[in-house]
Amino acid sequence: MAGLKNDVGFSSINVTPDFKYAQNRYKAKKVRDYNMTHRVAVLDQDLCQPKKCGLECIKYCPVNKSGAECIVLNEESKKAQIDEDICNGCGICVKVCPFDAITIVNLASELATDKIHQYGANSFRLFKLPTPKKGGVVGLLGRNGMGKSTVVNILSGNLKPNLGRYENPPEWNEILKHYSGTELKQHFEKIEQKQIRASIKPQQIHHIAQAFDGTGKELLDKYDERGVSRELIKELGLENSMEQSLKELSGGELQRIAVAAATAKDAEFYFFDEPSSYNDVFQRTGVARVIQNLAKIGKSVMVVEHDLTLLDFLSDYIEVLYGEPGAYGIVSTILSTKIGINVFLDGYLPNENVRFRDKKFSFDVSSSTTDIFEEGNTIVTYPKLVKKYPTFSVTIEAGEVRKGEVLGIMGANALGKTTMMKMIAGVENPNSGSINKKIKIAYKPQYLQNDIDVEVISVLDKANGNPVEGSMEEEQILEPLKIKKLYNKSIKNLSGGELQKVAVASCLLQKVDLYALDEPSAFLDVEDRIAVAKFIQKFVRSFGKSAIIIDHDLQLMDLISDSIVIFEGESGVTGRATTPMRKAEAMNRFLKSLDMSFRRDERSLRPRVNKLESRLDKEQKTSGNFYYKH
Ligand code: ADP
Ligand code: ADP
Ligand code: MG
């Protein structure tokens, strides 16, 4: 009895309060978790391969160990399935998964009410929506996989938002209630009443060619509700492309015809999903002007674009999309173009107090303007080169590439840029002039072969000459380019951006003196473009190598080039290339031919495009300073 009494007494003094405390703490934690965070668990269905792993996520999950079923194998899909309600966010499954298939994120719980759409269990979800602006161009800026196309599909009425209830999607009256009191309510009312007139230029233009059996002219005639096809054909340089079947057109021609068709429709809302792909700088500028003209006549226009110069040039507002690619995306508040792009480069949204990248992208003036190269320290010298094809010829003035230097090549399409690179790389022989074959060159072609069923790792091993796993090159090249995660994917299953990064990495893995990269920005999102450009520059400089890069992204070329060759002439007929020029001189000449002027953003120091006919634009053009002074 005494013992019991003692026990009771003991417990009433010590154990019970402790126990109660623990219990309350547990409850409190639950309540706090519930109030503060909103768990997002996303599974990459392609990466999850339960047959090849030891089901580590299921084995090591502490919630599973405690007897609950947090991660299980879904019988139907044969993939892992995570219960977000009981997941404690420990992240052990993320670490133990050998294929990096799981993403777990804790989001502020107030976001839960901002969820617009979720595709399914453990799949991508979008929070908040941008608001279209009448008479203005709203640019959407963000990484791939953040939900830009999802936004376009929802706002154009092609995808009914489910507010996250993928199993039990709400009806329109509920959706409208959810948006009552917001600017978007009217927009959704119009969608519901099928009154919305939206026109979209989709991201994947090749689907248009597959779906439409006819010529460019026939396509444009079908959509020309505004009677503007003649002007559009002229502005977009499509005069010689209209009689061909869509299936025979080049990527650039098809893109511009798709832009023309979307523009010619009579709508209130216009959406352009990546309109610059495949086009050269001149064609991109033409596309930008056509899009801007829509806003000028009072239309609401939204554009998704990864070419920052173009986005800067054509947007009146920017909305940044941030989050975790493939897992979730959040739309920022609406910002001015200048602030929007700066915020994106900073990786920090002051209004939301959110840091979405741990470092900022900086534009260092000194490294881009001082001549750091010693005379005579050349990697390759080439004489005047001439190449003649039956219907095309190109003449290239003599030049050299120095150790540590990046030589940029710019110019319109079909002027012989790729031909020059191939001649230097020894893939094509010039008709006149010869190249010193002793230097070793690695070449990344413009068109990448993707129809091969080979694992990424074996392509990288081959380029490296040794297995890359655990190697120094892995640490130096593959980790910074974030390619490790792709090792076990097949080349044929990579997205365009992933394939491009693997191709760039395979080029840089080769032990050579000169790296020749033809359009490395193609298919890369805005963030990868900057990261890859900065990486190539650093790589070349720190290892005493050189690079020649062809690209149409002006911001990227400005960031990466030490000297520049400019191609001029008549596309598809004759090309002329200058000798390598100092960057400032070359950019000035190139911008002049584009009728575009640049200034530096006073805070981020990034190059900005002056709005056409603005005070600075006029002043700089009059004085001949198309490129900013430094
Ligand atoms: P972005 O245009 O920014 O690249 P998307 O809106 O196309 O992004 O896609 C965002 C994410 O949503 C991607 O991870 C994509 O795989 C996923 N997603 C898109 N459509 C679907 C769908 N119909 N079902 C499941 N997931 C989808
Ligand atoms: P760019 O890289 O500037 O777009 P290219 O060097 O690829 O230009 O091509 C320039 C011109 O040469 C194009 O009109 C193209 O059709 C033509 N051309 C390229 N390669 C060949 C070839 N092997 N045979 C015949 N014509 C070619
Ligand atoms: Mg997209």
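Counting starts at 1 for both ligands and their atoms, in listed order. Fair warning: this is a prediction, and the values are worked out from it, not measured in the lab. Just so it is clear, the values below take in all heavy atoms, side chains as well, and ignore hydrogens, waters and symmetry mates.
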> Looking at atom 7 (O) of ligand 2, is any protein heavy atom nearer than 4.0 Å to it?
yes
> Looking at Phe344, does the NZ or CZ of Arg357 lie under 6.0 angstrom from its six-membered ring centre and within 45 degrees of the ring axis?
yes
> Assess the pair His178 and Phe188: is the distance between their ring centroids shorter than 6.0 Å?
no
> Should you measure from each heavy atom of Gly572, which atoms of ligand 2 turn up under 4.0 Å away?
14 (O)
> Backbone or side chain, does any N or O of Gln446 fall under 3.5 Å from an N or O of ligand 2?
no
> Under 4.0 Å from a heavy atom of Asn413: which atoms of ligand 2 are those, numbered in the order shown and with their elements?
4 (O)
> Before accepting this row, confirm whether a basic side-chain N of the pair Asp273/Lys201 lies closer than 4.0 Å to the acidic partner's carboxylate O.
no
> Under 4.0 Å from atom 15 (C) of ligand 2, do we find at least one protein heavy atom?
no
> Looking at ligand 2, does any of its N/O atoms fall within less than 3.5 Å of an N/O of Leu415?
yes
> Using a strict 4.0 Å cut-off to heavy atoms of Phe392, name the atoms of ligand 2 that fall inside it.
10 (C), 11 (C), 12 (O)
> Any nitrogen or oxygen of Pro390, main chain or side chain, under 3.5 Å from a nitrogen or oxygen of ligand 2?
no
> Check this for me: does any side-chain nitrogen of one of Arg576 and Glu397 sit under 4.0 Å from a carboxylate oxygen of the other?
no
> Under a plain distance cut-off of 3.5 Å, with no hydrogens placed, do Asp307 and Ser276 share a side-chain donor-acceptor pair?
no
> List ligand 1 atoms under 4.0 Å from Lys148, heavy atoms only on the residue side.
1 (P), 2 (O), 3 (O), 4 (O), 6 (O), 8 (O)
> Between Thr150 and Tyr119, is there a side-chain donor-acceptor contact under 3.5 Å, judged purely by atom types and distance?
yes
> For atom 3 (O) of ligand 2, what's the nearest protein heavy-atom neighbour? Residue, atom name and distance, please.
Lys417 NZ, 2.8 Å
> Of all residues at least two apart in sequence or in a different chain, which pass the side-chain hydrogen bond (donor to acceptor under 3.5 Å, both in side chains) check with Arg125?
Glu84
> Quick test: of every protein heavy atom, which one is nearest to atom 4 (O) of ligand 2, and how far off is it to 0.1 Å?
Ala414 N, 2.7 Å
> For the 3.5 Å polar cut-off, considering only N or O atoms, please tell me whether Thr150 and ligand 1 meet it.
yes
> Can you tell me which residue among Gln446, Lys417, Lys444 is in a side-chain hydrogen bond (donor to acceptor under 3.5 Å, both in side chains) with Glu519?
Gln446
> Should Phe282 and His552 be marked as a ring pair (Phe, Tyr, Trp, His ring centres under 6.0 Å) after you check the CA-CA gap, both sets of side-chain angles, and the distance that decides it?
CA-CA 9 Å; Phe282 296 86; His552 296 299; 9.0 Å; no
> Could you check atom 5 (P) of ligand 2 against the protein and tell me its nearest heavy-atom contact, residue, atom and distance included?
Thr419 OG1, 3.8 Å
> Against ligand 1, does Ser123 come closer than 4.0 Å with any heavy atom?
no
> Return the residue, atom name and 0.1 Å-rounded distance of the protein heavy atom closest to atom 27 (C) of ligand 2.
Tyr389 CD1, 3.3 Å
> Given the side-chain rings of His187 and Phe269, with only the six-membered ring counted for Trp, is the space between their centroids under 6.0 Å?
yes
> Got an N/O contact under 3.5 Å between Gly147 and ligand 1?
yes
